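This report refers to the structure that appears directly beneath it.
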Amino acid sequence: MKQEINGKKPILIRRFKSIRTSILLSYILVVLVSVAVFAMVALNYTEKTVLENAEEYSTQLINQVNSDIDSYMDYLRNTSILISSNADVHDYLFGNSGDAAQKEEQIERIITQFRTILDTRDDIVNIGIIGKDGKYIINQGLFHINENIELENVEWLQKALDNHGITAISSSHVQNVVAGRYEWVVTLSRGLQNKSTRDIEGVFFVDLNYSSISELCDAISFGNRGYIYILDEEGSVIYHPQQQLLYSGLKQEKIDEVLHAKERSFVTEDGKLYCVSKSSETGWTVVGVAYVSELLKNSGETTKIYVISAVLILLAALVLAVFLSREITKPIKVLSNSMREVEKGNFENIMLDVRGENEIDRLGASFNMMTTEIKHLMEQNVEDQRQKRKSELMALQAQINPHFLYNTLDSIIWMAEWGKNKEVVLMTSSLAKLLRQSISNQNELVRVEEEVEYTRSYLTIQKMRYKDKLEYDIQVVPEVMRYKVAKLILQPLVENAIYHGIKYKEGKGSVLIEGFIKDEELILRVTDDGIGMTENQLAHIFEKHETDMRRNSVGVLNVHERIQLYHGKEYGLTYKSSPGVGTEVEIHLPYEKGEQHEEEKMD
Amino acid sequence: MKRKKWISILLIFVLVSAIFFLVERDGKTKEKNVVMIVKIIDSTNDFWTSTIKGANMAAKEYGISLTVLGPDAETKYEEQGAMIQEAIAMKPDAIVLSPASYTETPEYAEKIEDAGIELILMDSVMEKEMGSCVVATDNVDAGKKMGNYIVENFSEDVNIGVVGHVQGSSTAIEREEGLRAGLGDLAENIVDTVFCDSDYRKAYKVTKEMLKAHPEINVIAGLNEYSSVGAARAVIALGLEDEVHMIGFDSSLKEVEFLESEVFEAIVVQKPLNMGYLAVENTVRILQKKDVPQYIDSGSVLITKETMYTPENQKLLFPI
């Protein structure tokens, strides 16, 4: 786990405790970022499109306004040409001849013409001709020139006179020339040439109702707050919904910017979209102003839809991420759980269910193989260790104490010298038996019978050496005789009883060896009436006695360990002892009826 | 596992609340409601028609909903009072009021402030000081323009007659005060001040009487439309239009004609469209909790025959 692949740290992934969290978070992060980027791009694009569409639409609208105005002007201009070339108009203004009746008819014809125009076009407020000498006809002839006005000061009139037959279009103004009729109009005027003097000596004018222009502009909607305004060539405001506020300085409008605009539309810093359209006919500039915020208001709906769908996608991704991460990491988790069991040393039920073909499945298969191998090796190792220990212990046990051998041989010499042939034979034969048994039998398990015999030989020798000081008795029931037990377990205990119990006792000591079945166990019991042991000694009976190597090098502990190695942990030695009374040691061994028969067969 | 669940729940919670926030924010930008109560709604009355037009202009520009109420005659202060009640019942964010009566309207106007609605006064003030802002013509300043004109254009031996509209009304007091201030030392030359109670015929009558009583009068200043037009008619009737110089106040077609025919030397006009616009604009500022001055002058201008047709003055004299 701690080892890094390629020695590099996968920084992000390692931050989190589990791969699942990493997968979950990185998945969500990826989805979040991509959805956010997508939504942003889409929104931006939408905004841009909305703005472009609005520009396109606004431009179309104001071009429409401009062409409407152009068509008005066109009509007025045509009318002006018509009237200018009219012979009656020329004669009335510049002709001196003719009688009164003729003149009356002439006036009547001009008025009829004016009336026709006025009747067909209700957007025309006034139409008239004015001569330099004070002659004039206005509308149906019923209107008069405002006497309080000096005509030299009337701008549109002077312009027409100066313009040499070219039509002049005024800005919006109140028509004060016609008495009693203060109407807001746009005046188209044209100078009339006296053909005999070749001078401009009269003016034709036609007034277009200002409201027809303002209504045209008002009718067009640029959102709730947007508006249209019109500038003339010089930049004077012809129409503006807040004209008066502009004059009062309460409001400012972009005039120079619009007149000198290179683009047909631009967006100002305060978020207004200006669309400019200039008419070559009138020289007027129609400007449409729309509030970007208002244009984008509808895109607010779109934004909401984008955001809601983004959130829904994120939610779906979240659910999917939770599900996917669980699916992906499940086998890893199972593997990791199994691994943990192995770490604890538990090899039970850890085999993985490997079905698929992917990396984790392959990992699982490897894991299975590995754990099987480890289990096998471990078992083998335990077995090997057991075998090794057994051999070691056996080797130790098999050695006959050299002191004992020496003492025995010494006894034999003495008895020979003393001519006790019978005793010599007995002791020598017993020693020979002892030696043969310890070296000949290579089997680790021997019959109880053999153990008893071995012990008997040993006791025979010891009895002969200690004479009256040692008594012994062997009472082993015949049923147990054929059972196989670990080799050399009984004799060392007897040896122990003699050297530690009886040897230090004053007077006679006796050893009792019993063999019987009790509580489904085979028991071999060695009882002595020696000096016994204190509780303290008893407690340390199974400890290694380094100092006792000489006498009891492999004694009690060796026997105990070997029994457990051969027969299991539940078997072994139990001691009972009290000082001055004696010691009783029991060898607990397995007893099974079936086993007996098997053993017999094997033999 | 538990922690992860919590993170997921938290995430969902955040996302869902984000949606709600978005939807909520849309609802929050709801329109402000403002009610404007004028002195008179009458399509032939240029002054108030322009005021309402200006108010609507500002309402459109600032995106508020504006309701305009008003009686059909300026004198009907009780009717206007009922309209104030009506306006309060509409629970608007603010009420813009042009009080019909200096003395009687406060009784009604108090209820506006009691109801916790912002009160903005327009055109005139009342006996009791009220409202968070007053948008009106600075009448002292307007009167001063008349006085200054007299000082600048006539010789010192002027004898001035003043035709006021309603004695004791704030506008009459302020305009006369301004006139005197503009006149400076010449204020002593004011021979007589008469009042016409905003009635053409009474103006005609009192002017005639004043001219008879003080034949030395050679300058007459009218303090509103009724007094100016009535006085002009009296002067014409007496055939004194060449001897008596007249200065009118406010604008009407008749006044324009008198100006063109040189009966009036000059007229001082108010800017009603600006007034309506400024009233609503500043109401919006007050509702946005911005600082607004206590008094806002919507402006006035003195117009002579020569300046009648300048682009701005045309708009003032001939509102559409």
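Just so we're clear, the structure is a prediction, and the values are computed from it rather than from any experiment. Note: hydrogens, waters and symmetry copies are ignored here, and every other heavy atom, side chains too, is used.
Side chain of B:T137 to main chain of B:K271: no donor-acceptor pair is present (N/O by atom type, distance under 3.5 Å, no hydrogens or angles). Listed for the A:S26 side chain is a donor-acceptor partner under 3.5 Å among the backbone atoms of A:S22. Within the 3.5 Å criterion, the main-chain N or O of A:N176 finds a donor-acceptor partner in the side chain of A:N146. A donor-acceptor pair under 3.5 Å links the side-chain atoms of B:N313 to the main chain of B:T307, judged by distance alone. Under the 3.5 Å distance criterion, the side-chain polar atoms of A:K333 are left unmatched by any main-chain donor or acceptor of A:R20.
Looking at heavy atoms from C-beta onward, A:I213 lies out of side-chain contact with A:S172 at the 4.5 angstrom threshold. Between A:F143 and A:N126, every side-chain heavy-atom pair lies at or beyond the 4.5 Å cut-off. Inter-residue side-chain proximity for A:Q242 and B:E61 is flagged as met; some heavy-atom pair is nearer than 4.5 Å. The closest side-chain heavy-atom distance from B:F264 to B:S228 is below 4.5 Å.
For A:N153, no part sits under 4.5 Å from any heavy atom of chain B, backbone or side chain. When heavy atoms are compared at a cutoff of 4.5 Å, B:K53 does not approach chain A at all. In this structure, the portions of B:F318 lying under 4.5 Å from any heavy atom of chain A include both its backbone and its side chain. Heavy atoms of A:I28 lying under 4.5 Å from chain B belong exclusively to its side chain.
Annotation: A:Y239 is not in aromatic contact with A:Y229 [ring centroid separation under 6.0 Å not met].
Annotation: residues 178-185 of chain A contacts chain B through A:Y182, A:W184 [non-hydrogen atoms, separation under 4.5 Å]. Of residues 240-259 of chain B, those residues lying under 4.5 Å from chain A by any heavy-atom pair are B:L253, B:V256, B:E257.
Once rounded to the nearest 0.5 Å, the distance linking CD of B:E260 with CD of A:E147 reads 11.5 Å.
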